[in-house]
Number of protein chains: 4
Amino acid sequence: MGADAGGTTDNRRATTARHTGNRHGRSEEARQSVLEAADDLLVEVGYTRLTIEGIAERAGVAKQTIYRWWPSKNDILMDAFVQDAAEDLIPADTADLRRDLRAHARKVALFLTKSDAGAVFRALTAQAQHDSVLAARLRAEHLGKQRRYDRLPFERAVTRGALDPGADLDLAVDQVMGPVYYRVLVTGQSVPEEFTDTLVDAVLDRLTGA
Amino acid sequence: MGADAGGTTDNRRATTARHTGNRHGRSEEARQSVLEAADDLLVEVGYTRLTIEGIAERAGVAKQTIYRWWPSKNDILMDAFVQDAAEDLIPADTADLRRDLRAHARKVALFLTKSDAGAVFRALTAQAQHDSVLAARLRAEHLGKQRRYDRLPFERAVTRGALDPGADLDLAVDQVMGPVYYRVLVTGQSVPEEFTDTLVDAVLDRLTGA
Amino acid sequence: MGADAGGTTDNRRATTARHTGNRHGRSEEARQSVLEAADDLLVEVGYTRLTIEGIAERAGVAKQTIYRWWPSKNDILMDAFVQDAAEDLIPADTADLRRDLRAHARKVALFLTKSDAGAVFRALTAQAQHDSVLAARLRAEHLGKQRRYDRLPFERAVTRGALDPGADLDLAVDQVMGPVYYRVLVTGQSVPEEFTDTLVDAVLDRLTGA
Amino acid sequence: MGADAGGTTDNRRATTARHTGNRHGRSEEARQSVLEAADDLLVEVGYTRLTIEGIAERAGVAKQTIYRWWPSKNDILMDAFVQDAAEDLIPADTADLRRDLRAHARKVALFLTKSDAGAVFRALTAQAQHDSVLAARLRAEHLGKQRRYDRLPFERAVTRGALDPGADLDLAVDQVMGPVYYRVLVTGQSVPEEFTDTLVDAVLDRLTGA
DNA sequence: CGCTAAGCGAGACGGTACGTCGAGTCTTGCT
DNA sequence: AGCAAGACTCGACGTACCGTCTCGCTTAGCG
């Protein structure tokens, strides 16, 4: 990852004081305005016209301050994404697999297609195709956790005894989430509620032997 | 530069190169070497370090010749892809839906993960996330056709009477292809034969009411 | 290039060069090497083949550094000339008008035909024919002052009482300097000492009523 | 002068027929429109923005047709100038040296400062500073002849016995013409009638021992 | 009277340099 | 020690013209 790899991991070390230049560690204020500026600019001008200089200017921050803490544009976006998507896509639990899964699939679809955080995610996913380090970070800091959330409804159903413990849950997750991401990233089709519902039903019908 | 004047008047240097362009159209030779150079360089150095100047140099072509015919780097890749992927991913027809679909899914997976053309496709799909015009072109010139190929096995089965004519074929295609693209573009997992086989089986089991 | 995207994101290549520029003003070192490089190259390759890129390379300076401080090639030359021609063409004062004027005319002729600074002056004068802004600058920063020097011998003579106070000194200056510049810029004839001597004599003979 | 030196001298070989493509030598029509286009464009956009492509387009002529007959932009201007300045600056002869010389000096000043041909001359003189081949051509095809014209009034006076046969006529010419060109090319001052008159008087007063 | 060959308009080509943008590095002076 | 400011080197961008090179048309003159 080049020279300043440490910056990527250090940048969540919390510092309590507000300051603009002292010897007590990084400025939380600067960190925040950079992430917000990056977020805003991505939505406003798109990934292509998103520049470090633009972020610095918008954030009212010196370019060097950015380079001190982030190795690249993508790392800024990654941080911005991690911070914003704290609004995690955690599936609800109503003890009804079909209902929970439908709701969860719907929520993921909306996140991907409608939210600002989803726009950041799509940009990051796109760049991850050309940058394996970014790809690894994206998986480590988001996709892994998200995968576990996506599995949750099934696991709860197994625990409840509503699903055969021998079922291939990974396959089930792929069958539900795969087509959603596929539409968003590849075909560009919309992802209406009927689609996610039908998808969930198709998977569950097979899984529960309906 | 203002009224700077005459600096380029006297370069009477001989240019020895041969070429074949004339008023009746562009040089096919130049077109070919550009597309090949772009293809090669994408694989060699990756999308990020792929530059128009690099392509021009590798192709032995003047930069202006590229700009005369292609508006952007992505358009070159698009042309290169269209030309190369003439080796279409057309499913075989052995009158056995399961067998044909398994083979087709496998072929698509290999294309995406192993071939040079697949690398170009992944780069284009990535860039299409930031460029709606490119996205439209990608759909018009590749994905539409590919989608019809992906449906073919199912349609043949319907024609043969092996599948219920009322089945939701679009959903079936999404369920087979979606998870494959999902793994390649999002999770980065490998796509082994067992995966595609199981996937096909899961879809067909439901569809044929097994 | 359209929404081409991210191509320049990841060039984390190390740049090792040292420099001295900072917020408190430009690098004097860079300024000097640019002026010297321009000067040298003008003499070496001539105005026509003098390029900004060539100057930058010779000076060991980035092209952008040149564009940051000079609007055009001519402005560089103008600065180079102003700096070098600090070796002003100031006439000596021996209380002998004829002697001083002969020496001064000779010095100007040598400057125009033999010196590097004279080569820059000729180039600038040539370009000033196509660029009125440059012409104005050339007059403001050099010709005005030079004109005053050219008048000096006559004025001293008037002060000494050796010359009629009512004499048309401007005409006298034009009659001495005009033919010198005329030979250099128009006819391309050489300007030998006999020529300037005779010229001075002709003017003075009339002026002093000899 | 590079490859096609012959073109420069051949291009006044008259061809009677009008044609646009045959085997009887060059098209006089094309030659004329090129020269006119060059002339017009020089006045309209200035030397700096005068391009071969611009001339070709304005003249309705292919670029190659220009390159076939002229080695450079300056050679076109040279031809245009030679053709236009057929309106030669020949001094009148009224058997009155002072009157003829005053009229001639005035005519030269007006030519240099007011006429289109004068603009071309100034541009060529400027470029001749950077191009010794052009300088030589300018002298051979214009300045030599003009110099003889400038001497004419003096020679006639000698013939008439109005002037001492031993007078230095070359110096006299330099003293009259030098300051005029000097003002035009160097100081940029205007050249009013009083100036040329006074100049002529100063020279003649000395010459005739007035 | 058809063939040949030159001049022409058109315009694609390989190149050089332009002037600009942004990347990432470095230094200074402030806090 | 972190920061704002901003000059620096460097690589690539997209453009403008250069001078060269076909191509296909037109049109004499020659056989």
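By convention in this document, chain letters (A, B, ...) are assigned in the order of the sequence lines, proteins followed by strands, and residues within each chain are numbered from 1.
Looking only at distances, no side-chain donor or acceptor of A:T65 sits under 3.5 Å from a matching main-chain atom of A:V61. Under a 3.5 Å cut-off, the side chain of A:K63 and the backbone N or O of A:E57 do not form any donor-acceptor pair. The backbone N or O of D:G54 lies less than 3.5 Å from a partner atom in the side chain of D:T51, making a donor-acceptor pair. The main-chain N or O of C:E29 is found under 3.5 Å from a side-chain atom of C:S33 such that the two form a donor-acceptor pair.
At whole-Å resolution of the value, CG in D:D75 and P in F:dG19 are 11 Å apart. For D:R49 and F:dC18, the CZ to P distance is 14 Å, given to the nearest whole Å. Nucleotide F:dA7 holds its P atom 15 Å from the CD atom of C:E28, rounded to whole Å. Look at CG on B:N74: it is 12 Å from P on F:dC13, rounded to the nearest Å. In this structure, C:W70 atom CH2 and F:dA7 atom C1' are separated by 13 Å, rounded to whole Å. Taking atom OH of A:Y67 as the reference point, atom C1' of F:dC8 lies 14 Å away to the nearest angstrom. For D:L41 and F:dC17, the CG to P distance is 12 Å, given to the nearest whole Å. Here F:dC17 presents its C1' atom at 12 Å from CG of D:L50, a figure rounded to the nearest Å.
For E:dC8, the base has no donor-acceptor partner in the side chain of D:Q64 [N/O atoms by modelled type, under 3.5 angstrom]. For A:K63 against E:dG24, a side-chain N or O and a base N or O form a donor-acceptor pair under 3.5 Å.
Among F:dG19, E:dT20, E:dG15, the nucleotide with an atom closest to any side-chain atom of B:A62 is E:dG15. Listed nucleotides: E:dA23, E:dC18, F:dC8. Nearest to the side chain of C:I52: E:dC18.
With DNA chain F read from its 5' end, the first of the two nearest nucleotides for B:E53 and C:G60 is the one closest to C:G60.
Geometric assessment of A:R31 against the ring of A:W69 yields a negative cation-pi assignment under the 6.0 Å and 45° thresholds.
Note on C:T65: a side-chain N or O is less than 4.0 Å away from OP1 or OP2 of F:dT9. Residue C:W69 places at least one side-chain N or O under 4.0 Å from the OP1 or OP2 atom of F:dC8. Close to E:dC13, at under 4.0 Å from its OP1 or OP2, lies no side-chain N or O of B:R26. Residue D:R68 has no polar side-chain atom (N or O) positioned under 4.0 Å from OP1 or OP2 of E:dG7. At F:dG2, none of the side-chain N or O atoms of A:S27 fall inside 4.0 Å of OP1 or OP2 (strictly under the cut-off).
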